[in-house]
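Notes follow once the structure below has been shown.
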Amino acid sequence: MCGIIGIVSQEYVSSKEILKALKRLEYRGYDSVGYALNDGTVEKDTGEISDFMRRTKEKNFRTGIAHTRWATHGGVTRENAHPHTDCSGDIMIVHNGIIENYLEMKNKLLEKGHKFRSETDSEVIAHYFEDKLNNMDLKDAITDFIKEAKGTFAVLMIKKGEDRIYAFKRDSPLVLGIGEKEFYLSSDIYGFSDKTDRAIFFNDDEFAVIDKSYKFYDKDGNEIKKEVKRFQWGFSEEEKETYDHYMIKEIKEEGKAVRRIINSLNNEQHEKILKLNKMIKKAKKVAFVASGTSYFAALLGVYFLNRVDVESQAIIASEFRHFIRVDENTLVIAISQSGETMDVLKALKFAKEKKAKIVSIVNVPHSSIQRISDLSLEILAGQEICVAATKTFINQVSLLLYLANLNGLNVNLNNLHRRIQETIDNNESKVRQLAKTLYRERDIYVLGRGLTYPIAREIALKLKEISYIHGEGMMGGELKHGTLALIEKGTPVISLIQHEDYEMLSNTKEVEARGARVIKISNDEKINPDFYLKTSKDEKFAIAATIIGQLLAYYIAKEKGLPIDKPRNLAKSVTVE
Ligand code: M6R
């Protein structure tokens with residue numbers, strides 16, 4: 001979490017420019033914001049970047065660093081906002097990550113008389129360098145820092161009066177963008193993808209010094225050569241256009257995005273998906289690993305593969321090493337929109353140590369997860385700005401359906417984009433009406449079975465994160481083992497009923513019998529559902545039902561006047577454990 005940006009420009013630019021670049025990373029965290037320029041200016045505050053931009057006076061600069069925060073150590077206060085400085089104010093840093101041994105480092109510095117102003121782990125970095133510079137140069141001090149610091153970090157550091165940024169990282173992402181007359185340092189390519197398509201990705205424990213040119217070094221300070229990569233990233237979908245929120249814009253892009261992934265799997269990514277299929281067949285064990293929404297896509301992956309007699313399992317990334325044994329015969333398939341989720345990265349590092357093969361399914365190209373994979377497929381959903389995953393989930397599921405289809409699952413994916421569009425067109429206004437009757441609820445239960453179980457979980461997650469309603473997504477069959485006790489007159493229950501799923505119908509009756517207010521979503525007209533989704537009777541129902549859930553969470557949140565694209569306490573890219 002947290003987004004960092006640095007700019008070293010040959011010409012003077014306005015401080016608004018660094019904030020505009022930072023705004024592109026706002027989805028990484030939005031508690032507080034700040035920037036520092038190499039003339040010693042430090043401006044920072046709590047709150048959002050747009051408000052901060054309006055409040056702060058414009059200044060021209062050539063070298064600056066900026067930060068948008070998602071608090072870990074220390075509350076959301078101006079003092080805890082980045083940049084942080086040393087005692088003199090000459091060394092300014094921004095940091096993404098967590099310095100685990102910061103207390104130990106801080107105590108040593110306190111003994112030497114350093115004065116700290118914040119409760120953060122990050123401030124220790126500025127004082128550490130102030131102390132080191134008494135008897136060594138900055139390059140040597142960075143190699144010492146890399147050896148001494150425990151934890152994760154992507155750090156940008158400037159010194160008053162120098163047109164230069166020092167950048168170093170471990171586990172947290174960092175990339176250098178190479179422009180015509182300027183260099184950008186950013187947590188991800190989106191920070192500068194409107195300016196350049198050329199980038200150099202930092203590996204762990206590498207550092208760089210960037211001024212009129214750039215030089216990269218390994219952890220011992222030896223200069224290293226790095227490859228400049230060109231990347232492609234959809235520019236056309238970035239603006240909110242006429243929509244009130246990115247979330248609804250992104251839901252409405254789902255048809256287009258699905259068409260793009262299916263086309264690509266038929267063409268440029270065809271070899272890759274065939275290769276993945278071969279790896280699956282060769283492996284003795286296949287395990288998906290993911291977090292949040294991507295985990296629900298992984299659960300669907302297990303379901304689809306099971307339908308074609310391929311055994312696999314899905315494990316939540318943060319629990320991976322506790323729940324599975326992996327070796328060289330294991331294939332681990334990571335699913336991650338951002339490609340940066342720390343829990344997933346840690347699970348993959350663990351799997352790699354055990355010599356497992358790693359495949360990833362990501363949205364963001366050149367992301368850390370993609371870079372440590374033996375094979376990586378891209379879901380091509382385009383930039384997703386709303387914190388809640390919507391179109392990326394649909395594309396992850398579409399890719400997994402395609403994989404199962406290769407193995408004989410009978411599902412027509414050629415009309416999927418049209419089915420998605422119809423689902424939105426035919427149901428949006430009805431969902432909006434339903435939202436008006438549900439927005440005051442505290443709990444909503446979502447029931448599914450088999451194909452619809454992961455969807456029940458995903459809809460519940462959307463209700464929690466966007467609508468701030470306690471959503472509980474569960475297996476219909478599990479109701480009678482406890483949760484049924486919570487169902488009383490009027491309790492809202494969304495029931496996802498796949499065509500002729502009689503067991504799910506029975507579970508629905510069980511809650512109806514206890515007075516629940518049941519909302520049925522089905523592709524079975526006979527049962528007279530509230531939302532009849534005219535998809536064919538196949539697995540595409542999972543996608544259509546998800547869309548109803550996404551729209552519902554959106555319209556409930558809108559009814560409540562919530563900050564839909566940036567829900568409280570969350571961030572799009574979760575780069576802490
Ligand atoms: O980037 P990832 O797909 O790895 O992210 C995983 C989760 O953090 C993410 O899906 C999260 O649950 C979203 N807020 C869901 O909308």
Side-chain angles (χ1 to χ4, degrees), residues 280 286-288 290 293-316 333 335 393-394 396-413 416 419 423 444-462 471-484 493-512 516 518-527 529-550:
I280 289 176
V286 177
F288 289 95
T293 289
S294 297
Y295 170 71
F296 303 134
L299 275 181
L300 278 171
V302 173
Y303 175 90
F304 297 152
L305 288 182
N306 188 43
R307 297 292 310 274
V308 292
D309 293 330
V310 177
E311 198 169 322
S312 62
Q313 55 190 310
I315 299 180
I316 285 278
I333 307 176
I335 305 185
F393 175 73
I394 301 295
Q396 289 166 344
V397 175
S398 304
L399 185 148
L400 294 165
L401 264 180
Y402 190 101
L403 181 67
N405 184 238
L406 278 181
N407 289 289
L409 185 76
N410 184 15
V411 53
N412 177 8
L413 295 174
L416 179 56
R419 294 281 183 249
T423 305
I444 298 182
Y445 294 85
V446 193
L447 307 181
R449 248 179 193 266
L451 174 74
T452 59
Y453 163 62
I455 305 305
R457 299 280 306 272
E458 170 56 9
I459 294 176
L461 181 64
K462 287 287 150 302
E472 183 158 344
M474 60 179 299
M475 298 154 177
E478 276 293 288
L479 263 178
K480 55 187 179 293
H481 298 292
T483 310
L484 202 53
V493 176
I494 299 173
S495 191
L496 308 176
I497 311 170
Q498 162 74 319
H499 182 65
E500 294 186 348
D501 182 348
Y502 298 111
E503 288 171 333
M504 192 59 223
L505 267 175
S506 304
N507 297 143
T508 309
K509 294 276 178 225
E510 284 160 19
V511 288
E512 260 170 359
V518 177
I519 298 137
K520 285 183 254 176
I521 303 178
S522 183
N523 55 354
D524 197 338
E525 204 172 11
K526 293 193 298 292
I527 66 161
D530 301 82
F531 292 92
Y532 170 50
L533 306 181
K534 275 185 268 170
T535 59
S536 42
K537 310 298 177 215
D538 61 22
E539 283 70 10
K540 290 204 291 280
F541 175 60
I543 290 179
T546 304
I547 294 170
I548 301 298
Q550 293 172 344

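Just so you know, these numbers come straight off a predicted model, no measurement behind them.
- Pro454 and Leu299 make their closest contact through CG-CB, 3.8 Å (heavy atoms, listed as atom of the first residue, atom of the second, distance).
- Within a 6.0 Å radius of CD in Glu503, no more than 12 heavy atoms belonging to other residues, nucleotides or ligands are found.
- The side-chain heavy atoms of Leu400 and Phe288, taken from C-beta on, include a pair separated by under 4.5 Å.
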Practice task
Could you give me the CA-CA distance, side-chain angles and deciding distance for Phe304 and Val397, then say whether side chain to side chain contact (heavy atoms under 4.5 Å, CB included) is met?
Solution key: CA-CA 10 Å; Phe304 297 152; Val397 175; 4.0 Å; yes
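- Applying the side chain to side chain donor-acceptor pair (under 3.5 Å) test to residues at least two apart or on different chains, none of the pairs has a partner in residues 473-484.
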Just distance, no hydrogens or angles: give the donor-acceptor pairs under 3.5 Å from side chains in residues 540-549, sequence neighbours left out.
residue	atom	partner	partner atom	Å
Lys540	NZ	Asn412	O	2.8
Lys540	NZ	Asn415	OD1	3.2
Lys540	NZ	Ser536	OG	3.3
Lys540	NZ	Asp538	OD2	3.3
Thr546	OG1	Ala542	O	2.6

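- Under the side-chain hydrogen bond (donor to acceptor under 3.5 Å, both in side chains) criterion, Glu512 pairs with no residue at all, not counting sequence neighbours.
- Applying the side-chain contact (heavy atoms from CB on, under 4.5 Å) criterion to Asp530, with sequence neighbours excluded, gives Ile519, Lys520.
- With Val310 as the fixed residue, the side-chain contact (heavy atoms from CB on, under 4.5 Å) test singles out one of Leu403, Val302, Leu305: Leu305.
- The distance from atom CE of Met504 to atom CG of Leu451, rounded to the nearest 0.5 Å, is 11.5 Å.
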Problem - Working for side chain to side chain contact (heavy atoms under 4.5 Å, CB included), residues Ile521 and Thr452 - result: CA-CA 10 Å; Ile521 303 178; Thr452 59; over 6 Å; no
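- Taking the side-chain hydrogen bond (donor to acceptor under 3.5 Å, both in side chains) definition, one finds that Ser398 meets it with nothing, sequence neighbours left out.
- Checked against salt bridge (Lys or Arg N to Asp or Glu O under 4.0 Å), Arg307 has the following partners two or more places apart in sequence or in another chain: Glu539.
- The minimum heavy-atom distance linking Ala290 with Ala298 is given by the pair CB-CB, 4.4 Å.
- The OG1 atom of Thr508 lies 3.5 Å from the CD1 atom of Ile497; values are rounded to the nearest 0.5 Å.
- The two residues Asn507 and Gly476 come nearest to each other via the heavy atoms OD1-C, 3.3 Å.
- Here Arg457 pairs with Tyr453 under the side-chain hydrogen bond (donor to acceptor under 3.5 Å, both in side chains) rule; sequence neighbours left out.
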Exercise for the section: Using the side chain to side chain contact (heavy atoms under 4.5 Å, CB included) rule, take Ile455 and Leu300 through it: C-alpha gap first, then chi angles, then the decisive distance, then the call. Expected result: CA-CA 8 Å; Ile455 305 305; Leu300 278 171; 3.6 Å; yes
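- For Ile316, the side-chain contact (heavy atoms from CB on, under 4.5 Å) criterion is met by Tyr295, Ser318, Glu319, not counting sequence neighbours.
- Taking OG of Ser495 as the reference point, atom CD1 of Ile527 lies at 7.5 Å (rounded to 0.5 Å).
- In this view, Ser522 satisfies the side-chain hydrogen bond (donor to acceptor under 3.5 Å, both in side chains) rule with no residue, not counting sequence neighbours.
- There is no side-chain donor-acceptor pair under 3.5 Å between Asp524 and Gln498.
- Looking at residues two or more places apart in sequence or on another chain, you find no salt bridge (Lys or Arg N to Asp or Glu O under 4.0 Å) involving Glu525.
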Problem - Glu311 and Asn306: CA distance, side-chain angles, deciding distance, side chain to side chain contact (heavy atoms under 4.5 Å, CB included) verdict - result: CA-CA 6 Å; Glu311 198 169 322; Asn306 188 43; 5.9 Å; no
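- Separating the NZ atom in Lys537 from the CG atom in Asn523 is a distance of 5.5 Å, to the nearest 0.5 Å.
- Interatomic distance, CG of Asn405 versus CG of Leu399, reported as 11.5 Å (0.5 Å rounding).
- Atom-to-atom distance recorded for Leu416:CG and Tyr402:OH is 13.0 Å, nearest 0.5 angstrom.
- Partners of Ala516 according to the side-chain contact (heavy atoms from CB on, under 4.5 Å) rule, which considers only residues two or more places apart in sequence or in another chain, are Ile487, Val493, Val511, Val518.
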